[in-house]
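What follows is a short report on a single structure.
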Protein chains: 2
Amino acid sequence: MEALTSRQQQVLDYIQASQTQHGVVPTMREIARQFGFRSMTAAADHVRALRRKGYLVHHPRAARSHSVIPAMQTMVPRSLINVPLYGTIPAGFADERTQEAERTVAIDLETLGLRPDSKIFALEVRGDSMINRHICDGDIAIIDRSRTPKQGDVVTALIDRESTLKTLEFENGRPYLRAENPHYLNLHPSHELLIQGVMVALVRRHV
Amino acid sequence: MEALTSRQQQVLDYIQASQTQHGVVPTMREIARQFGFRSMTAAADHVRALRRKGYLVHHPRAARSHSVIPAMQTMVPRSLINVPLYGTIPAGFADERTQEAERTVAIDLETLGLRPDSKIFALEVRGDSMINRHICDGDIAIIDRSRTPKQGDVVTALIDRESTLKTLEFENGRPYLRAENPHYLNLHPSHELLIQGVMVALVRRHV
DNA sequence: TCTCAGACTAGGCAAATGAACAGTTGTGTC
DNA sequence: GACACAACTGTTCATTTGCCTAGTCTGAGA
């Protein structure tokens with residue numbers, strides 16, 4: 001894609017910002033006013049240059065008909081979903097409980113390399129039981145419920161009506177949960193092990 | 001939200017479809033033509049009803065200025081941006097170099113608690129020099145260039161034509177870069193310290 | 001020095017467009 | 001029957017808006 005001059009970039013940015021903020025593409029006169037042009041031809045020149053270079057398409061003679069073609073958007077169609085973010089997962093959570101989530105996180109499936117049909121939710125990490133796997137208190141774990149857990153996976157499981165993050169291990173064919181911190185004990189379930197999902201990604205806010 | 005008549009629903013669907021397919025909202029005359037109305041007032045009446053019932057907003061007298069309000073969008077306004085993801089940041093990178101990024105990452109500004117005017121890019125972490133701060137090889141660091149680095153911040157700085165992630169520290173008022181791994185040496189810059197940005201978040205793909 | 005493209009000023013035309021007014025028709029409701 | 005309202009027709013008007021012509025200025029190359 002042909003490079004833009006700094007002024008052309010400014011105009012493109014303004015059109016794009018106006019489109020997302022007001023939902024409407026600016027007219028030539030609005031562009032001219034925004035940049036202090038006393039003539040609309042200046043704006044028209046820039047828009048023409050942006051069209052020529054392939055950053056804009058438009059329907060001739062139609063009002064406000066410019067469409068920005070963000071390079072990224074056209075090249076990589078992004079699949080974005082909002083997933084619920086739980087502080088702690090209550091016992092027996094199910095799909096219908098989605099509205100109980102306090103917050104949501106926008107997840108880009110492609111960036112994280114996930115399949116579109118994955119069943120995703122997010123869980124805020126409590127404590128430092130997984131610190132040796134570099135999962136810290138306050139981190140947001142992205143959990144896939146549709147994935148079948150394998151040995152060594154970080155999984156979230158229901159223990160004493162609270163869900164905790166642990167590493168799934170096997171001993172003599174029997175699964176148990178290993179904490180990645182020597183101060184924590186491993187959990188050998190007496191009955192059935194209730195795994196809620198496999199951690200597939202992690203997001204950390206750095207203050 | 002007030003219910004729509006079937007005809008109003010059809011008009012709303014057409015406006016919405018036109019917006020996503022052509023990127024442009026139809027005019028009154030285009031709506032009329034689509035439905036075979038011989039008068040634009042019919043279209044105008046429907047659009048007016050949709051406005052009254054809260055399904056559309058518009059800027060009076062502005063052409064093609066109707067915006068559909070999908071229930072979801074109005075409830076959760078998300079500010080999502082695509083940021084360039086660099087493997088390594090070449091020396092002297094600047095705004096114009098954006099197109100050199102191999103990939104992009106979709107970032108939800110709200111989830112990460114970032115200001116909308118932040119200048120963000122992403123950097124793939126190489127090596128384990130920050131392992132004691134739980135930043136691993138392969139992690140994606142989200143860097144804000146507009147933030148002023150403070151003591152203790154994880155920053156990316158230009159060392160020997162390669163950018164590395166380090167902790168910013170001060171000794172006798174002079175800044176230096178500390179590695180969070182005892183096997184790595186701290187960097188005391190001889191001349192000027194070139195800090196490219198402050199790490200504000202981290203994303204990790206967990207296989 | 002000449003040329004060319006980018007970035008503008010100035011003014012104007014014609015098409016595109018929203019909106020208003022005055023009606024008509026059908027459906028349901030009190 | 002009176003009334004309200006959705007769903008239209010037909011027409012006109014005032015703006016809004018894209019786009020055109022003509023020309024200036026400036027800096028980078030050839």
Side-chain angles (χ1 to χ4, degrees), chain A residues 1-19 21-69, chain B residues 1-19 21-69 94-96 99:
Chain A
M1 219 159 189
E2 200 174 342
L4 294 179
T5 68
S6 62
R7 203 56 161 161
Q8 285 163 3
Q9 184 67 53
Q10 284 174 33
V11 173
L12 184 63
D13 288 346
Y14 170 63
I15 293 174
Q16 208 155 8
S18 178
Q19 196 169 22
Q21 283 170 34
H22 309 111
V24 183
V25 177
T27 65
M28 297 296 183
R29 279 162 186 83
E30 283 168 0
I31 296 172
R33 198 185 321 137
Q34 167 72 20
F35 290 93
F37 301 158
R38 312 178 77 173
S39 166
M40 323 154 323
T41 311
D45 282 350
H46 288 127
V47 169
R48 203 174 303 135
L50 289 170
R51 280 209 305 268
R52 178 168 48 79
K53 293 183 178 179
Y55 289 83
L56 286 179
V57 287
H58 89 308
H59 306 260
R61 294 226 151 258
R64 298 177 189 271
S65 65
H66 298 277
S67 315
V68 181
I69 303 191
Chain B
M1 223 160 185
E2 200 174 342
L4 294 179
T5 68
S6 62
R7 202 57 159 162
Q8 285 164 2
Q9 186 66 54
Q10 284 174 34
V11 173
L12 183 63
D13 288 346
Y14 169 63
I15 294 174
Q16 208 153 8
S18 178
Q19 193 170 22
Q21 283 168 36
H22 310 110
V24 181
V25 177
T27 65
M28 297 296 183
R29 280 166 184 80
E30 283 168 1
I31 296 172
R33 198 186 320 136
Q34 166 72 19
F35 290 93
F37 302 158
R38 313 177 77 174
S39 166
M40 321 156 325
T41 310
D45 281 351
H46 288 126
V47 170
R48 204 174 304 136
L50 289 169
R51 279 209 304 268
R52 178 169 48 79
K53 293 182 178 179
Y55 290 81
L56 287 179
V57 286
H58 90 308
H59 305 259
R61 296 229 150 258
R64 297 177 190 270
S65 65
H66 298 277
S67 315
V68 182
I69 304 193
D95 301 74
E96 316 89 55
Q99 59 270 28

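Looking at heavy-atom distances under 4.0 Å, B:Arg64 makes contact with sugar-phosphate atoms alone, never a base.
Within the 4.0 Å cut-off from OP1 or OP2 of D:dT17, not a single side-chain nitrogen or oxygen of A:His58 is found.
Following rounding to the nearest Å, A:Arg61 (CZ) and C:dA16 (C1') show an atom-to-atom distance of 9 Å. For the pair A:Glu30 CD and D:dT16 P, the interatomic distance rounds to 11 Å; values are reported in whole Å. Atom-to-atom, NE2 of B:His59 to P of D:dT15 comes out at 20 Å; the value is rounded to the nearest Å. Rounded to a whole Å, the CD1 atom of B:Ile31 is 14 Å from the P atom of D:dT9. Between the P atom of D:dC20 and the CE atom of A:Met28 lies a distance of 10 Å, rounded to the nearest Å. Per the geometry, CZ belonging to A:Arg29 stands 10 Å off P belonging to D:dT16, to the nearest Å.
Considering only heavy atoms from C-beta on, B:Val25 stays 4.5 Å or farther from B:Ser18 through its side chain. Put simply, the side chain of B:His58 does not reach to within 4.5 Å of the side chain of B:Arg48, judged on heavy atoms.
In this structure, A:Gln10 CD and A:Leu4 CG are separated by 11.0 Å, a value rounded to the nearest 0.5 Å. For the atom pair CD (B:Gln8) and OH (B:Tyr55), the distance works out to 9.0 Å, reported to the nearest 0.5 Å. Here CG of B:Leu12 is found 10.5 Å from OG1 of B:Thr5. Values are rounded to the nearest 0.5 Å.
Aromatic pair A:His46/A:Tyr14: centroids not less than 6.0 angstrom apart.
Looking at which nucleotide of DNA chain D each of A:His66 and B:Arg52 is closest to, the 5′-most match is held by B:Arg52.
Considering only side-chain atoms of A:Thr5, the nucleotide from C:dA7, D:dC19, C:dT17 that sits closest is C:dA7. Taking every side-chain heavy atom of B:Thr27 into account, C:dT17 is the closest of C:dT17, D:dT17, C:dA19.
DNA chain D is contacted by A:Met40, A:Thr41 of residues 33-50 of chain A, taking any non-hydrogen atom closer than 4.0 Å.
In this structure, A:Thr27 contributes its side chain and A:Glu30 its backbone to a donor-acceptor pair below 3.5 Å.
Judged by distance alone, with hydrogens and angles left aside, A:Arg7 brings no side-chain donor or acceptor close enough to the base of C:dG6 to form a pair under 3.5 Å.
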